[in-house]
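The structure under discussion appears below in the form of structure tokens.
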Amino acid sequence: MKAKKIIITEQGLLDLGFTLEDNDCYTINILDVRLPKFKRIDLWTRTEWGLKMFLDISEGEQPDQTSMELPHIKHIDELQNLFFALTGTMLDYKPKVST
């Protein structure tokens with residue numbers, strides 16, 4: 001029996017550990033290195049764009065940012081697999097249980 005795919009939602013992002021920023025952007029940090037040179041890698045999405053996933057790579061003190069859209073990431077398990085491939089750690093999905 002095939003497991004049911006869970007589509008990424010705003011609540012699903014929060015349940016995965018993403019943070020909601022002031023600009024309706026959900027982010028989770030993958031890498032943040034300050035020395036010897038600033039580097040940062042994030043996964044993010046913005047609600048106004050329909051929750052399309054992006055990977056950002058920033059480098060330098062005034063970082064130029066490279067963003068890559070990940071249109072194939074539409075389900076929670078795909079996002080978990082991507083996070084694991086990039087970090088070697090599992091992104092836990094802890095859905096809120098409604099009572």
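Throughout, numbering of the chain's residues begins at 1 and tracks the sequence.
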Item to complete: Give the C-alpha distance, both sets of side-chain angles, the deciding distance and a yes or no for side chain to side chain contact (heavy atoms under 4.5 Å, CB included) between Ile8 and Leu79.
Response: CA-CA 8 Å; Ile8 297 171; Leu79 189 50; 4.0 Å; yes
Worksheet entry | N/O donor-acceptor pair under 3.5 Å between Gln80 side chain and Leu91 backbone | yes
Discussion item. Strictly distance-based, threshold 3.5 Å: is any side-chain N or O of Thr45 a donor or acceptor partner for the main-chain N or O of Lys52?
Written reply: yes
Practice prompt. Start with the C-alpha distance between Leu43 and Leu82, add both sets of side-chain angles, then the distance that settles side chain to side chain contact (heavy atoms under 4.5 Å, CB included), and finish with yes or no.
Written response: CA-CA 10 Å; Leu43 282 170; Leu82 173 63; 3.8 Å; yes
Not counting sequence neighbours, which residues clear side-chain hydrogen bond (donor to acceptor under 3.5 Å, both in side chains) with [X]? List them please.
{"X": "Gln11", "value": "Asp15"}
{"X": "Thr9", "value": "none"}
{"X": "Glu21", "value": "Thr27"}

Could you measure the distance from the [atom1] atom of [X] to the [atom2] atom of [Y]? Nearest 0.5 Å is fine.
{"X": "Leu55", "Y": "Ile30", "atom1": "CG", "atom2": "CD1", "result": "5.5 Å"}
{"X": "Ile41", "Y": "Leu31", "atom1": "CD1", "atom2": "CG", "result": "4.5 Å"}
{"X": "Met53", "Y": "His72", "atom1": "CE", "atom2": "NE2", "result": "10.5 Å"}

Item to complete: Would you please name every residue forming a ring pair (Phe, Tyr, Trp, His ring centres under 6.0 Å) with Tyr26, sequence neighbours left out?
Response: none
Item to complete: Mind running side chain to side chain contact (heavy atoms under 4.5 Å, CB included) on Phe83 and Leu16 for me, showing each step along the way?
Response: CA-CA 11 Å; Phe83 191 87; Leu16 285 165; over 6 Å; no
Worksheet item: Residues in salt bridge (Lys or Arg N to Asp or Glu O under 4.0 Å) with Asp42, at least two apart?
Response: Arg40
Discussion item. The criterion is salt bridge (Lys or Arg N to Asp or Glu O under 4.0 Å); which residues satisfy it with Lys5, sequence neighbours excluded?
Written reply: Asp77
Practice prompt. Write down the atom of Phe54, the atom of Leu70, and the distance for their closest heavy-atom approach.
Written response: C-CD1, 4.2 Å
Worksheet item: Does one hydrophobic cluster hold both Phe84 and Trp44, with members joined at side-chain heavy-atom distances below 4.5 Å?
Response: no
Practice prompt. Indicate if Met68 and Leu51 have the same hydrophobic cluster label, given that clusters are the connected sets of ILVMFWY residues with side-chain heavy-atom separations under 4.5 angstrom.
Written response: yes
Worksheet item: Under 4.5 Å between any side-chain heavy atoms of Glu48 and Asp24, yes or no?
Response: no
